[in-house]
Amino acid sequence: MYAQQLVLALSAVLSFLPLSLSATLPFGHYGPEGTVLFLNGFHFVSGHSDWEISANHYCVIIADDILQCAVYNTATTPARLAGIEYIITTEAFETLDYEERQLWHSHVYEITSGFLIEPGLPSSVDHTIMKDVLVGTYGKTFHTWRYDQQNSSYPIGIPELVMGYTGDDQITPDFVTKRDEMFGVNTTEIRESRCDISPPPVLAGADSWKYGYVLSLGIVNQTSNTSFPSQGEKQAVLTH
């Protein structure tokens, strides 16, 4: 269903996608031949609302209810691979337990506010995808190149969970203006053009930062048997 909606929304405008990419079957291939969406949006690091990030997303369809996106930070040249975002439908999010839900953020405000954009696509196409495909989705995003190490030569430190904005006056206005100048867009105008998009309710458990929860990763050192199993004891992890 999800894949079908997205393909229908894009079918008439594939020539407008970044690098004139095509969304031909089979889905799931990373790289230019598989990218069907190029998005730019804003993240902030869990526990650090002042660590604002403008992120480019290159997304592929994995299944009917999930996209996976390679995320790049726009603040560095060359752009560094910052992390990964998984985007799932409302129906998929409903299947998650509450411990898992706290890792996910909603996309409703990102879309109705005009923060999430599709640079280079006609406004009518952008509107269709935001309204019919993305507005009710949820994202789980980890950045492997940490915000506090963005000027380092290497991705130092532990990956960090990032979240999305959910209301006005949360992000620095100048930060939005700089993004708009980079892509030649106007967030205020985009927001006005999306006023007919009805925001669905955000399901319980998402946007856990709003409840005062700060989620972070840590290294746990444990002693263990570090020998490798014999050939007969090994279990296959991947299937083809």
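Computed from a predicted structure; not experimentally measured. Each residue takes its place number in the sequence, starting with 1.
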Set of salt bridge (charged side-chain N to carboxylate O under 4.0 Å, His left out) partners for Glu110, sequence neighbours left out: none
Audit row: Ser113, Thr187, side chain to side chain contact (heavy atoms under 4.5 Å, CB included) steps and yes/no: CA-CA 8 Å; Ser113 66; Thr187 293; 5.9 Å; no
Pairing residues for Ser216 by the side chain to side chain contact (heavy atoms under 4.5 Å, CB included) criterion, not counting sequence neighbours: none
Linked, directly or transitively: Leu161 and Val220 (ILVMFWY side chains, under 4.5 Å): no
Ile158/Leu217 under side chain to side chain contact (heavy atoms under 4.5 Å, CB included): CA gap, chis, key distance, verdict: CA-CA 7 Å; Ile158 300 171; Leu217 304 181; 3.5 Å; yes
Taking every non-hydrogen atom, the tightest pair across Val214 and Gly47: CG1-CA, 3.6 Å
Heavy-atom pair of closest approach, residues Leu81 and Ala70: CD1-CB, 4.1 Å
Residues in side chain to side chain contact (heavy atoms under 4.5 Å, CB included) contact with Thr90, at least two apart in sequence or another chain: Glu94, Tyr138, Leu203
Straight-line distance of Glu85 CD to Cys59 SG, nearest 0.5 Å: 7.0 Å
Rounded distance (nearest 0.5 Å) linking atom CD1 of Ile111 with atom CG of Leu39: 9.0 Å
Nearest atoms (heavy-atom pairs only) where Ala206 meets Ser106: CB-N, 4.5 Å
OG1-CG distance between Thr89 and Asp65, expressed to the nearest 0.5 angstrom: 5.0 Å
Distance, nearest 0.5 Å, that separates NE2 of His107 from OG1 of Thr137: 5.0 Å
Pairwise distance CG(Leu215) to CG(Leu103) - rounded to 0.5 angstrom: 6.0 Å
Validation row: Leu37, Leu67 side chains within 4.5 angstrom (heavy atoms): yes
Donor-acceptor contact below 3.5 Å, side chain Thr95 vs main chain Glu91: no
Side chain Arg80, main chain Trp145, donor-acceptor under 3.5 Å: no
Sole residue of Thr172, Asp168, Thr166 in side-chain hydrogen bond (donor to acceptor under 3.5 Å, both in side chains) with Gln170: Thr166
Residues that Glu100 engages under salt bridge (charged side-chain N to carboxylate O under 4.0 Å, His left out), provided they are two or more places apart: Lys140
Chi angles and distances behind the side chain to side chain contact (heavy atoms under 4.5 Å, CB included) call for Arg194, Asp126: CA-CA 10 Å; Arg194 296 177 182 173; Asp126 169 273; 2.9 Å; yes
N/O donor-acceptor pair under 3.5 Å between Arg191 side chain and Gly114 backbone: no
Pairwise distance CD1(Ile171) to OG(Ser49) - rounded to 0.5 angstrom: 11.0 Å
Trace of the side chain to side chain contact (heavy atoms under 4.5 Å, CB included) decision for Thr141 with Trp104: CA-CA 8 Å; Thr141 312; Trp104 297 76; over 6 Å; no
By side chain to side chain contact (heavy atoms under 4.5 Å, CB included) - contacts of Asp196 (at least two apart): His127, Lys131
Validation row: Pro119, Phe38 side chains within 4.5 angstrom (heavy atoms): yes
Phe93 atom CZ: more than 12 heavy-atom contacts under 6.0 Å: yes
Non-neighbouring partners of Phe142 that pass ring-ring contact (aromatic ring centres under 6.0 Å, His included), sequence neighbours left out: none
Counterpart residues, ring-ring contact (aromatic ring centres under 6.0 Å, His included), relative to Phe115 (two or more places apart): Phe42, Tyr109
Shortest non-hydrogen contact from Leu116 toward Gly41: CD1-CA, 4.0 Å
Nearest atoms (heavy-atom pairs only) where Val185 meets Arg179: CG2-NE, 4.4 Å
Gln102 side-chain N/O to Glu99 backbone N/O, donor-acceptor pair under 3.5 Å: yes
Exam field: side chain Asp207 to backbone Lys210, donor-acceptor pair closer than 3.5 Å: no
Connected via hydrophobic side-chain network under 4.5 Å: Phe175 and Met163: yes
Counterpart residues, salt bridge (charged side-chain N to carboxylate O under 4.0 Å, His left out), relative to Asp174 (two or more places apart): none
All side chain to side chain contact (heavy atoms under 4.5 Å, CB included) counterparts of Pro200, not counting sequence neighbours: Val108, Val135
All pairs passing ring pair (Phe, Tyr, Trp, His ring centres under 6.0 Å) where residues 202-225 contributes a residue, at least two apart: Phe44-Trp209
Asp169 atom CG: more than 12 heavy-atom contacts under 6.0 Å: no
Shortest non-hydrogen separation from Thr112 to Ile197 and the atoms involved: CG2-O, 4.2 Å
Partner set under ring-ring contact (aromatic ring centres under 6.0 Å, His included) for His43, not counting sequence neighbours: His57, His143
Transitive ILVMFWY cluster of Val162, excluding itself - 4.5 Å side-chain cut-off: Val45, Trp51, Ile53, Tyr147
Qualifying residue for side-chain contact (heavy atoms from CB on, under 4.5 Å) with Glu118, from Ile190, Ile129, Asn40: Ile129
Over 12 foreign heavy atoms within 6.0 Å of OH, Tyr86: no
